[in-house]
Amino acid sequence: MKNNKFYNIITYGCQMNKHDSERLAGMLEEMGYQPTDKYENADIILLNTCIIRENAELKVFGKLGELKRYKRENPDLIIGIGGCMMQQDEPVDEVYKKYRHVDLIFGTHNIHHLPDLINKIEKTRDRVVEVWDEEEGLIPDLPSQRKSEHSAWISIIQGCDNFCTYCIVPYVRGRERSRPLTSIVKEAEKLAADGVKEITLLGQNVNSYGNDLEKETTFPKLLAELNKVQKLKRIRFMTSHPRDFSDELLEKIAELDKVANHIHLPIQSGSNKVLKQMNRGYTREYYIERVEKIRKEMPHASVSTDFIVGFPGETEADFEQTINLVKELNFDMAYTFIYSPRSGTPAASRKDQIDEEVKKKRLKTLMDLQNKISYDKNQKLIGSTQEVLVTGASDSNPKVYEGRTSTNKICFFEKREELIGELVNVKIEAAKSWTLDGTIIGK
Ligand code: SAH
Ligand code: SF4
Ligand code: F3S
């Protein structure tokens, strides 16, 4: 039942947050709210925040400032803020004290309480703050309002137990908790019946899926079960932790026809000293061996990674090690970040922080190198045929359609409305560092 009220959700951060926003939207729509793009039409505006790096936080405070005028124009508007930033005391205090137009503060562990919290505000018009330290029991399966009809995220494991020394995630997302295998498979079956062709399994470390469940429940087993779901065409997953990326898993991925030809395996640094101080639990040599094995078992797979430059104490020699590794491993793609100290993490209190200018210079060197490698790799695809899932009009150029290859590369081609949601063969005709251009040659 629609209630003639409208909502808008502003999302920052990773896929997990984006998926949480789909669940927030699902709950609001069950309450009768409808989506709107315009803040001035909204009765509820929610910010789903991220705290992974400082610039993520700055964006949120900027947005909160911008929203003030909408509250002035419409005092009944409810402004709520949730997500990872709200699992930390300092930002909560700051929002509560300095941004008086915010009505609701909630955390990552209690998103399923949103309807109650909103009802409370509507009744009392008091400001409400409800943030939990940990989740209570099993999270109920929540409705999702998905953006895409053909691709869907499925959360399989929440939280993280790894405590990489730079990272805030374990503090804001809590300990690892796997969802029961049957409920994941059921969700996948339901999505497939609704027309979803591609699922992406989400977790901070999907490889540790099942560690907290019965012994036989493992990530390779989950993939094997999902591979059986009829009508489903593609299975993706992220993120894999190199330490837990086992031979058993690799062999399973190589064997299962629906699992996409792409492995995202964040390395963070090419220096063993830095890796150790980051508490990553593997060496450069071990990582290289993993990638070599992936390429042997899955010759057509793409491999992407993440890097952090300017971790405390990183010397020029350490950075050189990263550069050498990039040259050696020829990644298809890499996400590169400047180290950002996160208060409360061990690395943030180190005295040997790297100068901002040095960090920026290293980032540029790394990005220039990786862009060139990605470009050269993609050039080699010209003339090849790639299987692409047609998503629809491209955001960046609405004149063409886009989709992703099994190797997770964005591909542009001509508009063909009747093919949205289909897997098609595209002949690649041109390539850049991040995208491919081609023509559909058949299904
Ligand atoms: N669980 C995943 C992703 C975590 S966040 C993993 O372990 O890979 C995504 C990326 O953000 C990380 O891979 C890392 O490269 C980067 N990151 C995390 N904390 C950071 C920090 N404090 N400063 C800069 N980059 C960071
Ligand atoms: Fe952060 Fe490390 Fe966990 Fe990834 S594995 S979320 S980088 S602590
Ligand atoms: Fe994701 Fe940012 Fe939270 S990267 S888990 S939204 S801190």
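In each ligand, atom 1 is the first atom listed, and ligand 1 is the first ligand listed. Everything numeric here is computed off the predicted structure, so don't read it as measured data.
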List every atom of ligand 1 that sits less than 4.0 Å from any heavy atom of [X], numbering the atoms from 1 in the order shown and giving each element.
{"X": "R342", "result": "22 (N)"}
{"X": "Q204", "result": "1 (N), 2 (C), 3 (C), 4 (C)"}
{"X": "D306", "result": "9 (C), 10 (C), 12 (C), 13 (O), 15 (O)"}
{"X": "I308", "result": "14 (C), 15 (O), 17 (N), 25 (N), 26 (C)"}
{"X": "Y339", "result": "23 (N), 24 (C)"}

List the closest protein heavy-atom neighbour of [atom]: residue, atom name, distance to the nearest 0.1 Å.
{"atom": "atom 1 (Fe) of ligand 2", "value": "C167 SG, 2.3 Å"}
{"atom": "atom 26 (C) of ligand 1", "value": "R53 NH1, 3.4 Å"}
{"atom": "atom 1 (Fe) of ligand 3", "value": "C14 SG, 2.3 Å"}
{"atom": "atom 5 (S) of ligand 1", "value": "I52 CD1, 3.6 Å"}
{"atom": "atom 23 (N) of ligand 1", "value": "S340 N, 3.0 Å"}
{"atom": "atom 8 (S) of ligand 2", "value": "C164 N, 3.4 Å"}
{"atom": "atom 5 (S) of ligand 2", "value": "N162 ND2, 3.4 Å"}
{"atom": "atom 24 (C) of ligand 1", "value": "I338 O, 3.3 Å"}
{"atom": "atom 3 (Fe) of ligand 2", "value": "C160 SG, 2.3 Å"}
{"atom": "atom 6 (C) of ligand 1", "value": "T239 CG2, 4.0 Å"}
{"atom": "atom 6 (S) of ligand 2", "value": "Q204 OE1, 3.5 Å"}

### Message
Tell me the contacting part of Y166 for ligand 2: side chain, backbone, both, or neither, using a 4.0 Å heavy-atom threshold, strictly below.
### Response
side chain
For [X], which part has a heavy atom under 4.0 Å from ligand 1: side chain, backbone, both, or neither?
{"X": "R280", "answer": "side chain"}
{"X": "F337", "answer": "side chain"}
{"X": "H241", "answer": "neither"}
{"X": "N162", "answer": "neither"}
{"X": "P266", "answer": "side chain"}

Show me which atoms of ligand 3 lie under 4.0 Å from any heavy atom of [X].
{"X": "Q204", "result": "5 (S)"}
{"X": "I52", "result": "2 (Fe), 4 (S), 7 (S)"}
{"X": "N17", "result": "6 (S)"}

### Query
Of the choices M16, Q268, R280, which has the non-hydrogen atom that lies closest to atom 4 (Fe) of ligand 2?
R280
Does some side-chain heavy atom of [Y] sit less than 4.5 Å from a side-chain heavy atom of [X]?
{"X": "L28", "Y": "M31", "value": "yes"}
{"X": "I308", "Y": "M278", "value": "yes"}
{"X": "Y339", "Y": "Q353", "value": "yes"}
{"X": "L369", "Y": "T365", "value": "no"}
{"X": "T305", "Y": "Y287", "value": "yes"}
{"X": "S302", "Y": "M333", "value": "no"}
{"X": "T11", "Y": "L47", "value": "no"}

### Query
Going through the distances and angles, do E66 and Y39 end up as a side chain to side chain contact (heavy atoms under 4.5 Å, CB included)?
CA-CA 10 Å; E66 180 194 330; Y39 299 148; 3.6 Å; yes
### Task
Please work out whether the ring planes of F337 and Y335 are parallel, tilted or perpendicular, with thresholds of 30° and 60°.
parallel
[X], any N or O under 3.5 Å of ligand 1 N or O:
{"X": "Y166", "result": "yes"}
{"X": "Q268", "result": "yes"}
{"X": "N205", "result": "no"}

### Task
State whether H241 contributes an N/O/S atom found under 2.8 Å from atom 3 (Fe) of ligand 2.
no
### Task
Give a yes/no answer: is there an N/O/S atom of C50 under 2.8 Å from atom 2 (Fe) of ligand 3?
yes
### Message
Tell me whether Y96 contacts the main-chain N or O of V102 through its side chain, where contact means a donor paired with an acceptor under 3.5 Å.
### Response
no
### Message
If we ignore hydrogens and angles and just use 3.5 Å, is the side chain of R362 paired with the main-chain N or O of G310 as donor and acceptor?
### Response
no
### Query
If you measure from OG1 on T336 to CG on D306, what distance do you get to the nearest 0.5 Å?
9.0 Å
### Query
Just how far is it from atom CD of E225 to atom NZ of K228, taken to the nearest 0.5 Å?
3.5 Å
More than 12 foreign heavy atoms under 6.0 Å from [atom1] of [X]: is that the case here?
{"X": "D395", "atom1": "CG", "answer": "no"}
{"X": "E149", "atom1": "CD", "answer": "no"}
{"X": "Y375", "atom1": "OH", "answer": "no"}
{"X": "E90", "atom1": "CD", "answer": "no"}
{"X": "Q15", "atom1": "CD", "answer": "yes"}

### Check ion pair R177-E134 (N to O, under 4.0 angstrom)
yes
### Atoms of ligand 2 close to F163 [distance to a heavy atom under 4.0 angstrom, numbered from 1]
8 (S)
### Task
Report, in ascending order of atom number, the atoms of ligand 2 lying under 4.0 Å from any heavy atom of P170.
8 (S)
### Summary
Per salt bridge (charged side-chain N to carboxylate O under 4.0 Å, His left out), R173 is matched among D161, D133, D20 by D20
### Message
Run S304 and H262 through side-chain hydrogen bond (donor to acceptor under 3.5 Å, both in side chains) and show every step you take.
### Response
CA-CA 8 Å; S304 58; H262 169 230; 2.8 Å; yes
### Message
Contact between ligand 2 and R173 is defined here as a heavy atom of the residue under 4.0 Å from a ligand atom; is it met?
### Response
no
#### Entry: Under 2.8 Å: N/O/S of C84 next to atom 3 (Fe) of ligand 3
yes
### Query
Does Q15 have a heavy atom less than 4.0 Å from any atom of ligand 3?
no
### Task
Take every heavy atom of T345, measure it against each atom of ligand 1, and state whether any distance is under 4.0 Å.
no
### Summary
So for R173 against ligand 3, with non-hydrogen atoms under 4.0 Å, the contacting part is side chain
